[in-house]
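So the structure is just underneath, and the comments pick up after that.
This is a predicted model, so every value here is computed, not measured.
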Amino acid sequence: LTFIIAYAYNRYTQELYLVETSILVKEDNTVATASDLLYEKAMKTNPMSLENKELVLKSYPLVYSVLEELEFDIAYYIVGNIKVSETFIAPVKIECSDISKIIGKNITIETIDDKQFTLIYPQNKKREIHQFGEDIIFYNTNIKIHKDFRYSVEKNNPNTVIRFKDLKILTQIYQKKILISQKERESTVINISILEEDQVKGVVFLNKLTENYIYNEIDEKNIESINTVSFITIQLQEMRDSLSRIEQQMQEYKDNNKITDLSLKAQSIYTNIISVETELAKSKSLKNYYTYLENYIDDDNSLSGVSIPTSLGINDAGLNALINQLIEVQIKKDILVDGGQVNNPAIAQYNRQIKQLVLNLREAINTSNSANNLIIKDFEARFSKMESSLSDIPKVERELLSIERLQSISENLYIFLLKKRA
């Protein structure tokens, strides 16, 4: 009796195949941030923890997008002599633009020849003969059945059962099916595995999952650079018009006063003033950045993108650490919210952490802003002393010097930002 039960169990239960893949997570992220690119700093950023990587790989939006792309909400089953087995490649392939009206339904396809098939309704055993590629109305939904030439057997094609599933429910099922483990305790290699009835289906799913995960990582890394370019572009647009007006003003002044160049003394003073005023302009640009960052937080933007303000060279390690922590907490919260877990107690905890981190960030901004204001005052004081030495220069040269100085400062800053944007 025991042998009979064991035989029946092995004969009739569905076989499950283990499919596995691995992802190497970089331990040290040495890619320069937008801040580092602007000011040539070689700062290293803390890598995202492996726990976060695992959360992202099993996150609802990522799994949903994979199942949607692979059309796993349409499942195919081969009818055998003993049991019905799921398969990724079946004798037929269905084309359906919208399955929302037929979720939960299923049909059986019996191949007659290369041109015809019989459509069987399981509910009432109704049979209809159709041509491959023909438009069929199935529960008020337009579908087409095509022959899948990837499937090949020596004898006649077996019957195929097609089931239409709810993608949201299917996503939750696959979230539970995905198993993630660390290969070794000290390594940064993550193993991703899944048990599937059809090996090919499991392989295709894991390949697409890792592919979409990598593309999402690339997109996230590009966000900071894209927003940096956007921020710099705004600065350039504001400078471009004023620079054009300065050039026109200088040319008109030279033409009206019949002057072509400055004296040696004027050139010497001019060089020193330019050096100080260029640094002053950069400090003022940094002040604009702090204002931009404060407005960004006040506007209640998605804090997962709060790394945007690091675009103009904040070298404050404390400020950068706060921003990194804020991003990490926000990503964890977003994963739960996107997964439909709006009542998860962890969300309230993440909200408290975000609130505290935002308060700390505001304080850090005020501290850095105050320090930058002191630097601005120092440059302005040095600039005033240098300007007083211009009294010995003739008025015509002094006025020309003022215009040229303004032009040179604007050009230097414009070229600086133009290079960084490129």
Side-chain angles (χ1 to χ4, degrees), residues 14 16-26 48-77 85-90 92-100 102-104 106 143 146 148 150-151 162-183 188-223 302 304 330-342 344:
Q14 297 293 348
L16 294 176
Y17 298 92
L18 177 68
V19 185
E20 187 178 83
T21 186
S22 300
I23 291 181
L24 172 64
V25 179
K26 291 273 188 173
M48 191 181 291
S49 65
L50 291 180
E51 179 188 354
N52 287 349
K53 299 290 185 184
E54 293 174 13
L55 285 172
V56 173
L57 281 164
K58 294 181 71 173
S59 66
Y60 185 92
L62 181 62
V63 177
Y64 185 93
S65 67
V66 171
L67 296 175
E68 187 177 35
E69 285 184 48
L70 296 176
E71 297 182 348
F72 273 19
D73 49 346
I74 302 176
Y76 300 88
Y77 298 83
S85 304
E86 188 175 4
T87 181
F88 182 70
I89 301 174
V92 296
K93 186 79 174 174
I94 192 169
E95 180 185 336
C96 179
S97 57
D98 181 20
I99 71 165
S100 59
I102 53 176
I103 289 174
N106 62 85
I143 63 170
H146 301 281
D148 195 338
R150 294 177 299 172
Y151 187 89
I162 303 175
R163 294 173 183 169
F164 305 94
K165 301 182 177 182
D166 188 337
L167 201 55
K168 293 179 181 179
I169 296 175
L170 193 64
T171 301
Q172 294 173 356
I173 293 172
Y174 268 85
Q175 280 183 288
K176 295 175 182 176
K177 288 170 70 173
I178 298 170
L179 301 175
I180 298 178
S181 60
Q182 200 171 345
K183 199 168 183 69
T188 58
V189 176
I190 296 176
N191 276 3
I192 311 166
S193 59
I194 191 170
L195 290 170
E196 281 283 13
E197 288 184 32
D198 183 65
Q199 297 180 69
V200 177
K201 193 169 185 176
V203 171
V204 170
F205 174 79
L206 287 188
N207 282 341
K208 180 57 71 172
L209 181 72
T210 52
E211 180 185 328
N212 285 10
Y213 165 76
I214 291 169
Y215 282 135
N216 287 348
E217 288 279 290
I218 293 171
D219 289 340
E220 286 181 9
K221 290 179 186 296
N222 283 337
I223 287 174
S302 174
S304 59
Q330 184 67 44
I331 287 174
K332 287 182 178 180
K333 177 189 169 184
D334 289 345
I335 289 170
L336 292 177
V337 173
D338 292 339
Q341 301 182 45
V342 291
N344 193 313

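Take S100 and apply the side-chain hydrogen bond (donor to acceptor under 3.5 Å, both in side chains) test, not counting sequence neighbours, and it matches D98. Checked against side-chain contact (heavy atoms from CB on, under 4.5 Å), V92 has the following partners two or more places apart in sequence or in another chain: I109, T111, F132, I145, T160, I162. Residues satisfying the ring pair (Phe, Tyr, Trp, His ring centres under 6.0 Å) criterion with Y64, sequence neighbours excluded, are Y60.
Note that the CD atom of Q175 and the CD1 atom of I173 stand 10.5 Å from one another [nearest 0.5 Å]. Distance CG/L167 to NZ/K165: 11.0 Å, rounded to 0.5 Å. Remark: I169 CD1 to I103 CD1 distance equals 8.0 Å, nearest 0.5 Å. In this structure, CD on E197 lies 6.5 Å from OH on Y77, to the nearest 0.5 angstrom. For the atom pair CD of Q182 and CG of N191, the computed distance is 9.5 Å after rounding to the nearest 0.5 Å. To the nearest 0.5 Å, atom CD1 of residue I102 and atom SG of residue C96 are 4.0 Å apart.
Two residues are said to be in side-chain contact when any heavy atoms from C-beta on lie closer than 4.5 Å; N212 and E69 meet this criterion.
With T87 contributing its side chain and Y76 its backbone, the two residues share no donor-acceptor pair below 3.5 Å.
Taking the charged nitrogens against the carboxylate oxygens, K53 and E217 do have a contact shorter than 4.0 Å, which makes a salt bridge. No salt bridge links K168 with D166; every basic N to acidic carboxylate O contact stays at or beyond 4.0 Å.
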**Request:** Under the side chain to side chain contact (heavy atoms under 4.5 Å, CB included) rule, what do I23 and L57 come out as? Steps first, then yes or no, please.
**Result:** CA-CA 11 Å; I23 291 181; L57 281 164; 4.1 Å; yes

**Message:** One pair to check against side chain to side chain contact (heavy atoms under 4.5 Å, CB included): L67 and D73. What are the steps and the verdict?
**Reply:** CA-CA 7 Å; L67 296 175; D73 49 346; over 6 Å; no

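The two residues E196 and G202 come nearest to each other via the heavy atoms CG-CA, 3.7 Å. Contact detail for V19 and Q199: the closest heavy-atom pair is CG2-O, 3.9 Å. The minimum heavy-atom distance between K58 and I180, with the atom names listed, is CG-CD1, 3.4 Å. Looking at every heavy atom in both residues, S193 comes nearest to L18 through CB-CD1, 3.8 Å.
Of the candidates T210, I194, D198, I194 is the only one forming a side-chain contact (heavy atoms from CB on, under 4.5 Å) with F205. The only member of L62, L70, I214 that meets side-chain contact (heavy atoms from CB on, under 4.5 Å) when paired with L209 is L62.
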